Chemist: 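Structure provided below as structure tokens; questions to follow.
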Amino acid sequence: MNGPHDLGGQMGLGPVAPEQNEPYFHAEWEKRALGITLSCGAFGAWTIDESRHARENIPPADYLAASYYEIWIRGIDMLLERHGFATRAELMSGHAQQAGAVPKRVLKAEMVSGVLAKGGPCDRPVGTAPLFVVGETVKTKNFNPVTHTRLPRYARARTGMVEAVQGSFVFPDDNAHGNGENPQWLYTVVFDGAEIWGGDADPTLTVSIDAWESYLEPA
């Protein structure tokens, strides 16, 4: 979807200014925000793609005014309410008022190290060969869905070259909405700066993205 999260190349938002020696957390509550997000994700009620889409649905003014972990918490609020774990009144008060949905699993303290080490692999086999090969010129499709997509706006309807075939992975555009994993081949596609930003772009610049097969067509 086109939303406040998709800011690549937008003017008026200032330069990217990485913080030198940035700490993992800037405040104690951010540690709790991370813990809550991971613990709730372990319920098994939603996928990582649905959680991303929840954050994308935060109203633009609220999204742009929020810090990184505030966005995470607002997304979790939305998911907990959507899946019946808490009501809006409970989230606002911080107190349970009724029995909610029962998690499929609970992430206990002694499980955390093992679960984090295992991760959440999303590579999946597909029964077809890749449509594109390394070195092939391709064009990204131009679409503007209201649903989740991993193709950024700045890279739509652009011509680039396949730099690598990364394997086959869960297709997030479907997985975010409960429509199945539907894995596809994933490609790294590289674009000249001028193709993305226009003729006044830095001529030495290239931009690479990872693009699922259905995002691409022969150039």
Side-chain angles (χ1 to χ4, degrees), residues 1-41 46-79 112 116-117 119-120 122 140-164 166 169 172-173 176 186-212 215-216:
M1 63 183 296
N2 298 336
H5 65 287
D6 193 358
L7 296 177
Q10 296 296 308
M11 290 185 174
L13 293 168
V16 176
E19 182 179 342
Q20 295 296 319
N21 302 312
E22 183 178 10
Y24 290 120
F25 304 101
H26 290 82
E28 284 297 311
W29 71 265
E30 293 183 340
K31 298 179 182 180
R32 183 175 291 272
L34 174 60
I36 289 172
T37 300
L38 295 176
S39 297
C40 292
W46 55 78
T47 65
I48 188 172
D49 299 307
E50 185 181 352
S51 68
R52 286 185 174 126
H53 188 57
R55 296 169 198 163
E56 293 166 1
N57 275 280
I58 298 170
D62 294 336
Y63 188 102
L64 294 174
S67 69
Y68 182 76
Y69 282 109
E70 286 174 337
I71 291 170
W72 278 37
I73 287 297
R74 291 176 186 183
I76 284 294
D77 282 353
M78 191 180 303
L79 293 167
V112 171
L116 294 182
C122 57
T140 54
K141 295 179 180 178
N142 188 14
F143 57 84
N144 296 278
V146 296
T147 50
H148 182 62
T149 184
R150 298 290 282 174
L151 182 61
R153 277 178 294 176
Y154 70 79
R156 296 176 195 165
R158 305 295 191 213
T159 300
M161 184 187 71
V162 175
E163 191 173 50
Q166 298 291 1
F169 297 85
D173 302 40
L186 183 71
Y187 306 85
T188 297
V189 181
V190 61
F191 305 90
D192 290 336
E195 178 67 15
I196 297 293
W197 311 124
D200 57 351
D202 181 344
T204 67
L205 179 68
T206 60
V207 176
S208 295
I209 67 167
D210 285 337
W212 272 263
Y215 298 166
L216 304 173

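Just so we're clear, the structure is a prediction, and the values are computed from it rather than from any experiment. Sequence positions, counted from 1, serve as the residue numbers for this chain.
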Chemist: For the atom pair CE (M11) and CG (L13), what is the distance rounded to the nearest 0.5 Å?
Modeler: 11.0 Å

Chemist: Using the six-membered ring of F143, assess whether NZ or CZ of R156 lies under 6.0 Å from its centre and within 45 degrees of the ring axis.
Modeler: yes

Chemist: Which side-chain N or O atoms in residues 188-201 pair as donor and acceptor under 3.5 Å with protein atoms at least two apart or in another chain?
Modeler:
residue : atom : partner : partner atom : Å
T188    : OG1  : Q166    : NE2          : 2.7
T188    : OG1  : D210    : OD1          : 2.6
E195    : OE2  : T159    : N            : 2.8

Chemist: When rounded to the nearest 0.5 angstrom, what is the spacing between CD1 in I73 and SG in C40?
Modeler: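 Reported value, rounded in 0.5 Å steps: 8.0 Å.
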
Chemist: Check whether any side-chain heavy atom of Y215 lies under 4.5 Å from a side-chain heavy atom of Y187, and answer yes or no.
Modeler: no

Chemist: If every non-hydrogen atom of S51 is compared with every non-hydrogen atom of W46, which pair is closest and at what distance?
Modeler: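 Distance-wise, the nearest heavy atoms are CB-CD1, 4.2 Å.
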
Chemist: So, taking the atom named OG1 in T206 and the one named CD in E163, what distance separates them when rounded to the nearest 0.5 Å?
Modeler: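 Answer for the OG1-CD pair, T206 versus E163, is 7.5 Å.
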
Chemist: Closest approach of R150 and P172, non-hydrogen atoms and distance?
Modeler: CG-CG, 3.3 Å

Chemist: To check you understand the geometry: which heavy-atom pair defines the closest contact between A54 and G75, and what is its length?
Modeler: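 Residues A54 and G75, closest heavy atoms: CB-O, 3.9 Å.
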
Chemist: Report yes if the side chains of L34 and E30 come closer than 4.5 Å at any heavy-atom pair, otherwise no.
Modeler: no

Chemist: How close do A33 and T37 get, heavy atom to heavy atom, and via which atoms?
Modeler: O-OG1, 2.9 Å

Chemist: Should the ring pair Y68 and W72 be called parallel, tilted or perpendicular, given that the plane angle runs from 0 to 90° and is split at 30 and 60?
Modeler: tilted

Chemist: Mind checking whether I58 and P4 have side chains closer than 4.5 Å, heavy atoms only?
Modeler: no

Chemist: Under 4.0 Å between a side-chain nitrogen and a carboxylate oxygen: does that hold for R52 and D49?
Modeler: yes

Chemist: Does T140 reach the main-chain N or O of A157 with its side chain, forming a donor-acceptor pair under 3.5 Å?
Modeler: yes

Chemist: Pair E70, W29 - check side-chain contact (heavy atoms from CB on, under 4.5 Å), show working.
Modeler: CA-CA 10 Å; E70 286 174 337; W29 71 265; 3.6 Å; yes

Chemist: So for atom CG, which belongs to L7, do other residues, nucleotides or ligands contribute more than 12 heavy atoms lying within a distance under 6.0 Å?
Modeler: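 Atom CG in L7 is crowded, with more than 12 foreign heavy atoms closer than 6.0 Å.
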
Chemist: About how many Å separate OG1 of T147 and CE of M1, when rounded to the nearest 0.5 Å?
Modeler: 9.0 Å

Chemist: Indicate yes or no for a side-chain donor-acceptor contact from R55 to the backbone of H5 under 3.5 Å, with no hydrogens or angles considered.
Modeler: no

Chemist: Can you tell me how far apart CG (N144) and CG (L151) are? Round to the nearest 0.5 Å.
Modeler: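 Going from the CG atom of N144 to the CG atom of L151 covers 10.0 Å.
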
Chemist: Report the distance from atom NE2 of H53 to atom CD of E56, rounding to the nearest 0.5 Å.
Modeler: 6.5 Å

Chemist: Has R153 got a side-chain atom pairing as donor or acceptor with D6's backbone, closer than 3.5 angstrom?
Modeler: yes

Chemist: I'd like to know if the side chain of S39 and the backbone of I36 have a donor-acceptor N/O pair within less than 3.5 Å.
Modeler: no

